[in-house]
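What's counted below: heavy atoms across the whole structure, side chains too, no hydrogens, waters or symmetry copies.
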Amino acid sequence: MEPTDSVRLDVRDAMTVSRSEQWRKYKMDFDIIIRGGTIVDGLNTPAYQANIAITDGKIVSIGQVSGTAIKEINAIGKTVTPGFIDMHTHMDGQLFWDGMATPSAYHGITSVMIANCGFALTPIQPESKDWVIKMLSRVEGIPEPSLREGLDITWQTYPEYLDALDSLGLGLNVGAMVPHSNIRYDVMGEASRERVATAEEVASMLVIFEECMQAGGFGLSSSWNSGHADADGVPVPSRFADKEELISFAKALRKYPVSGIEFTPQGLMSGLTTEDFQLIGDMSRAAGGKPVNWNALLDVYGKPGIWRKELDWMEEQNAKGAQIYAINSCFSIDADICFATAGNLLDDRPNWSRVLALPYDEKVAALSDPSERVKLKKDFESDGLFSAVWVDVKVNAVSKPENEHYLGKNLIQIAEEKGGIDPIDAWIEVALEDDLKTEFFRRALQNQDEDVIEKIIQHELSIPGVSDGGAHLEYLCQYGWPIKLLSYWVKEKAAMTLEEAVWRCTTFPAEIVGLKDRGSLQVGRPADVIVFDYAELGLDDVSWASDIPGGQRRKVHYPKGMECVIVNGEVTIEHGVATGRRPGKVIRSTDYYDSVSHDAEITKSESEVVA
């Protein structure tokens, strides 16, 4: 029998005491029973009806399940799946002011990976703190005031950072990669932004890398992405690393049975090349065939068919002993841009990156300078993330009433109104007239062709994701990618079965990252479980929320049809409302192997010759 509402209030208090005390008080058999749901277990097996019993954070029974529970969830007519796993986020800072990782947790995401693309908040020294915060703000589009107000940086080393994270009271599970750029800056200082490392410097980096891995890091994250620049418009440190440095890090991973590589390649913005995949393949092979996931496989504007070549090149490298996967986006990627805050949308165009990184007065002067205009226009003669399709760039908001006549107009229309000037001039002039506060909207920045998106998300080497949760707060909102995949691509478009889609959101990323006990509904596994109404599942519209430190705002969206989210056996969200429970934890790679097997792996790897 389900407890009454009055008992339920007592139960919330009881959840803070020992399980034995709860059982004595309520004489219950289990903590939670989910009754009558359609189970989609994350293993890509046919759905079935069953009950699930949960005790002490673990799934203890799946089937008929008799007995009583402190909490019973009526899942008749609902779908029950493992919690989703988001393997590409940048919530390194957000978790310190928002331990629930909103809105990701509301979308049924129960585990996230952070410290991607080679940058994070550790290692960090007192003298490097300012550079790290500014770099992270610029490259990941996180307002600097939010980072400064929302963070009390008491750590320096990677182990200290993980401990600080684990003390927060998290609403979901968090695993971390090991960030290349931070380590490089920690060892080389300003030289890390200028040149290739010496052999001695690489050796010093590897000492820190080993410390991070032994603390529970899940492997190397790095970037050669031409759009990744710091607050000065200078490429991030990992972009100065040569191939030999990357291979040295990859070789070090042979010692660690649970590890891999996350890499953002040089050709991300305009399509990868065979050289990109040769490098990625060599990194995987140097690591002993460990998985490399790269970000991101998209329908690149102006490069029709490049996605197919990228998949072919992945298959070629994997046939030679590599293990390469690509993260995809199941959204058509729209974007907002404002010259006042800029983010990094134009950082793959060197003159725009330099100018938009300037302080306000200098930025206005540069944008007004005819000689600078020539350079800015020349930047758009080459491929890039923000392609020159000016009919798709319109004015979304202005700060001054006298500029409201621009609202809803695209840059081609505005250029014609201004006497047939260049659309880039029109873009800049509108911004200057509005003190750079104009908000421009770009439709379908990437992923324009739905037929191509469907083929990409169906490929066996393609992982759904690219939420970039916690980053690009002004122009990107893809927290709800699992909901988009299930509600649109499965329910409406029938691009794959529900069972396959759930597997792609759970077990598939868990296996690649190394979360060996997550991603499936099986007895003995941690109880990360979600319950949703599949018929009602969908996404609300994107909206603005002023809910981050420093009085800043961000884009968010929330799901429809999500009934319940359970993390490590405790209900964290019910009917769209947070319960106040924070049972999440920092997951460490070292959780998945003991010292004996690790030592054996080290001995074995040290005797191997890396090709």
Side-chain angles (χ1 to χ4, degrees), residues 83-95 98 100-117 119-120 136 139-142 170-177 221 223 225 262 264 268 293-298 325-336 343-345 445-447 453 456-457 462-489 501-502 504-506 508-510 512-513 515 518-519 528 530 538-540 542-543 545 548 554-559 562 565 573 584:
F84 303 133
I85 296 171
D86 191 340
M87 60 190 289
H88 194 102
T89 81
H90 292 279
M91 292 187 171
D92 312 60
Q94 177 181 335
L95 290 166
D98 173 19
M100 282 299 292
T102 61
S104 291
Y106 288 80
H107 293 285
I109 291 168
T110 56
S111 296
V112 299
M113 298 299 296
I114 60 172
N116 285 293
C117 296
F119 14 84
L136 199 61
V139 77
E140 290 305 334
I142 306 167
L170 299 168
L172 41 57
N173 304 305
V174 181
M177 303 300 290
S221 73
S223 171
N225 180 4
E262 182 275 326
T264 307
L268 169 65
N293 74 83
W294 65 274
N295 179 45
L297 179 62
L298 304 170
Y325 302 92
I327 301 181
N328 67 61
S329 172
C330 57
F331 290 88
S332 176
I333 302 175
D334 302 326
D336 293 85
N344 69 338
L345 264 179
L445 184 73
Q446 302 285 5
N447 270 8
I453 297 174
I456 287 173
I457 66 175
S462 182
I463 316 162
V466 198
S467 80
D468 265 342
H472 312 303
L473 302 184
E474 290 193 334
Y475 74 79
L476 192 66
C477 186
Q478 296 191 148
Y479 300 94
W481 58 267
I483 309 302
K484 177 75 171 182
L485 182 65
L486 271 59
S487 65
Y488 182 71
W489 289 105
V502 170
R504 287 181 177 273
C505 298
T506 56
F508 190 21
I512 292 167
V513 172
L515 304 178
R518 309 276 166 173
D528 294 343
I530 60 176
L539 285 172
D540 281 337
V542 174
S543 61
I548 56 177
R554 60 177 179 151
K555 284 186 161 187
V556 297
H557 58 185
Y558 286 86
M562 184 63 66
V565 179
I573 296 169

Ring pair (Phe, Tyr, Trp, His ring centres under 6.0 Å) against Trp294, all qualifying residues, sequence neighbours excluded: Phe277

How long is the straight-line distance from [atom2] of [Y] back to [atom1] of [X], given to the nearest 0.5 Å?
X: Leu473; Y: Ile548; atom1: CG; atom2: CD1; value: 5.0 Å
X: Leu95; Y: Leu172; atom1: CG; atom2: CG; value: 7.0 Å
X: Ile333; Y: Asp468; atom1: CD1; atom2: CG; value: 9.0 Å
X: Asn116; Y: Glu262; atom1: CG; atom2: CD; value: 4.5 Å
X: Ile327; Y: Asn295; atom1: CD1; atom2: CG; value: 5.5 Å
X: His88; Y: Asn293; atom1: NE2; atom2: CG; value: 8.0 Å

For [X] against [Y], the heavy-atom pair lying closest together:
X: Val565; Y: Ala105; value: CG2-O, 3.7 Å
X: Ala115; Y: Ala120; value: CB-CB, 3.8 Å
X: Asp92; Y: Phe119; value: OD2-O, 4.4 Å
X: Ala510; Y: Arg518; value: CB-O, 3.5 Å
X: Ala176; Y: Met113; value: N-CE, 3.8 Å
X: Val174; Y: Leu170; value: CG2-CD1, 3.9 Å

Under 3.5 Å side-chain donor-acceptor pair for Asp528 and Asn173: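 A pair is found: one side chain offers a donor N or O, the other an acceptor, under 3.5 Å apart.
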
side-chain contact (heavy atoms from CB on, under 4.5 Å) against [X], all qualifying residues, sequence neighbours excluded:
X: Ala501; value: Leu485, Leu486, Val490, Met496
X: Ser462; value: Leu297, Asn328, Ile456, His459
X: Ile453; value: Asn447, Ile457, Trp489
X: Ser104; value: Met91, Ile109, Tyr479

Would a 4.5 Å heavy-atom cut-off, applied to side chains only, mark [X] and [Y] as touching?
X: Gln94; Y: Thr102; result: yes
X: Thr110; Y: Phe84; result: no
X: Val466; Y: Trp481; result: no
X: Val556; Y: Tyr106; result: no

Test of understanding: with side chain to side chain donor-acceptor pair (under 3.5 Å), list the residues that count as partners of [X], not counting sequence neighbours.
X: Arg504; value: Glu500
X: Tyr488; value: Glu450
X: Glu140; value: His90, His472
X: Tyr325; value: Gln323

Backbone of Gln478 reached by a side-chain donor or acceptor of Ser467 within 3.5 Å: no

Check: Met562 main-chain N/O paired with His107 side-chain donor or acceptor under 3.5 Å: no

